[in-house]
Amino acid sequence: MQLSKNFTLEEMEKSQTATRKGIKNKAGSGEIKNLGDLCYEVLEPVRAKFDKPVTITSGYRSPELSEAIGSKSTSQHCSGEACDFEIAGVSNLQVALWIQNNVNFDQLILEFWKEGEPNSGWIHCSYKEGSNRKQVLTYSGGEYKNGLPDAKWSDGKFAN
């Protein structure tokens with residue numbers, strides 16, 4: 001099922017952990033609507049800006065799957081409001097900074113990004129219709145920090 005021009009329900013439900021553990025990971029109609037909103041409001045603008053495929057690494061998670069990976073059933077992934085993603089060849093910091101300044105979102109987390117390793121980590125972003133907090137965090141394991149790291153520019157490109 002196509003959720004938007006460039007994103008499908010299949011890629012949002014795909015989970016190697018669910019497959020390995022025999023966990024059903026199928027979104028219901030409410031979650032599908034939320035995933036569509038996330039695609040239109042966050043992922044499609046990112047895809048258009050960077051003109052490269054966006055790889056979803058974690059989209060919808062059933063409550064059972066969420067708990068199986070050490071998360072909680074209250075995660076926005078379980079309501080179809082969040083996904084984790086990256087763009088090959090583009091710094092995750094660069095993408096996160098663009099989202100922060102150009103997209104309506106609920107929560108944006110730059111996860112496990114390391115300075116000097118532009119493709120390290122991934123981006124977690126959520127969208128909640130009608131009540132977005134615009135919360136921006138960085139997570140490197142252990143603790144969350146408010147905001148994103150400072151970007152370093154060199155010849156019009158990110159040095160990180």
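Start at 1 with the first residue, then count along the sequence.
The 12-atom threshold is not exceeded at NZ of Lys145, counting heavy atoms of other residues, nucleotides or ligands nearer than 6.0 Å.
Partners of Glu67 under the salt bridge (charged side-chain N to carboxylate O under 4.0 Å, His left out) rule, at least two apart in sequence or in another chain, do not exist in this structure. In this structure Gln135 satisfies the side-chain contact (heavy atoms from CB on, under 4.5 Å) test together with Gln107, Arg133, Leu137, sequence neighbours excluded. Looking at residues two or more places apart in sequence or on another chain, you find a side-chain contact (heavy atoms from CB on, under 4.5 Å) between Ser71 and Arg61, Ser66, Ile69, Ser75. Every residue meeting the side-chain hydrogen bond (donor to acceptor under 3.5 Å, both in side chains) condition with Gln76, not counting sequence neighbours, appears here in chain and number order: Glu81, Asp106, Ser126. Every residue meeting the side-chain contact (heavy atoms from CB on, under 4.5 Å) condition with Tyr139, not counting sequence neighbours, appears here in chain and number order: Ile109, Glu111, Phe112, Tyr144. Evaluation of the side-chain contact (heavy atoms from CB on, under 4.5 Å) rule for Ala27 yields Leu9, Glu13, Glu31, Ile32, Leu35, Tyr60 as partners, not counting sequence neighbours.
Pairing each heavy atom of Gly147 with each of Thr138, the nearest pair is O-OG1, 2.6 Å. Shortest non-hydrogen contact noted between Pro53 and Ile87 is O-CG2, 3.6 Å. In this structure, Asn119 and Gly89 approach most closely via the heavy-atom pair OD1-N, 3.9 Å. The shortest heavy-atom contact between Ile56 and Cys83 is CD1-SG, 4.2 Å. When all heavy atoms are compared, the tightest approach of Pro149 to Leu110 is CD-CD2, 3.8 Å.
At distances below 3.5 Å, at least one donor-acceptor pair connects side-chain atoms of Ser62 with backbone N or O atoms of Lys24. No donor-acceptor pair under 3.5 Å is formed between the side chain of Asn92 and the backbone N or O of Glu86. Listed for the Gln2 side chain is a donor-acceptor partner under 3.5 Å among the backbone atoms of Ser4.
In this structure, Glu115 CD and Ser120 OG are separated by 10.0 Å, a value rounded to the nearest 0.5 Å. In this structure, the separation between OG on Ser15 and CG on Asn25 is 5.5 Å, given to the nearest 0.5 Å. Between the CG atom of Leu43 and the CG atom of Leu38 there is a distance of 4.5 Å, given to the nearest 0.5 Å. To the nearest 0.5 Å, atom CG of residue Asn34 and atom OG of residue Ser79 are 5.5 Å apart. One distance of note links CG of Leu93 with NZ of Lys114; it measures 15.0 Å at 0.5 Å rounding.
Sorted by first then second residue, the side chain to side chain donor-acceptor pair (under 3.5 Å) pairs that include residues 46-57, not counting sequence neighbours, number zero. Residue pairs meeting the salt bridge (charged side-chain N to carboxylate O under 4.0 Å, His left out) criterion with at least one member in residues 34-44, sequence neighbours excluded, are Lys33-Asp37. The stretch residues 68-93 participates, sequence neighbours left out, in these ring-ring contact (aromatic ring centres under 6.0 Å, His included) pairs: His77-His124.
With a 4.5 Å cut-off on side-chain heavy atoms, Val136 and Phe105 count as touching.
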Under 3.5 Å, which donor-acceptor pairs link side chains of residues 95-104 to any protein atom two or more places apart or in another chain?
{"residue": "Asn101", "atom": "ND2", "partner": "Leu97", "partner atom": "O", "Å": "3.1"}
{"residue": "Asn102", "atom": "ND2", "partner": "Trp98", "partner atom": "O", "Å": "2.8"}

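Membership of an apolar cluster is not assigned to Tyr40, as no side-chain contact below 4.5 Å to another ILVMFWY residue is traced.
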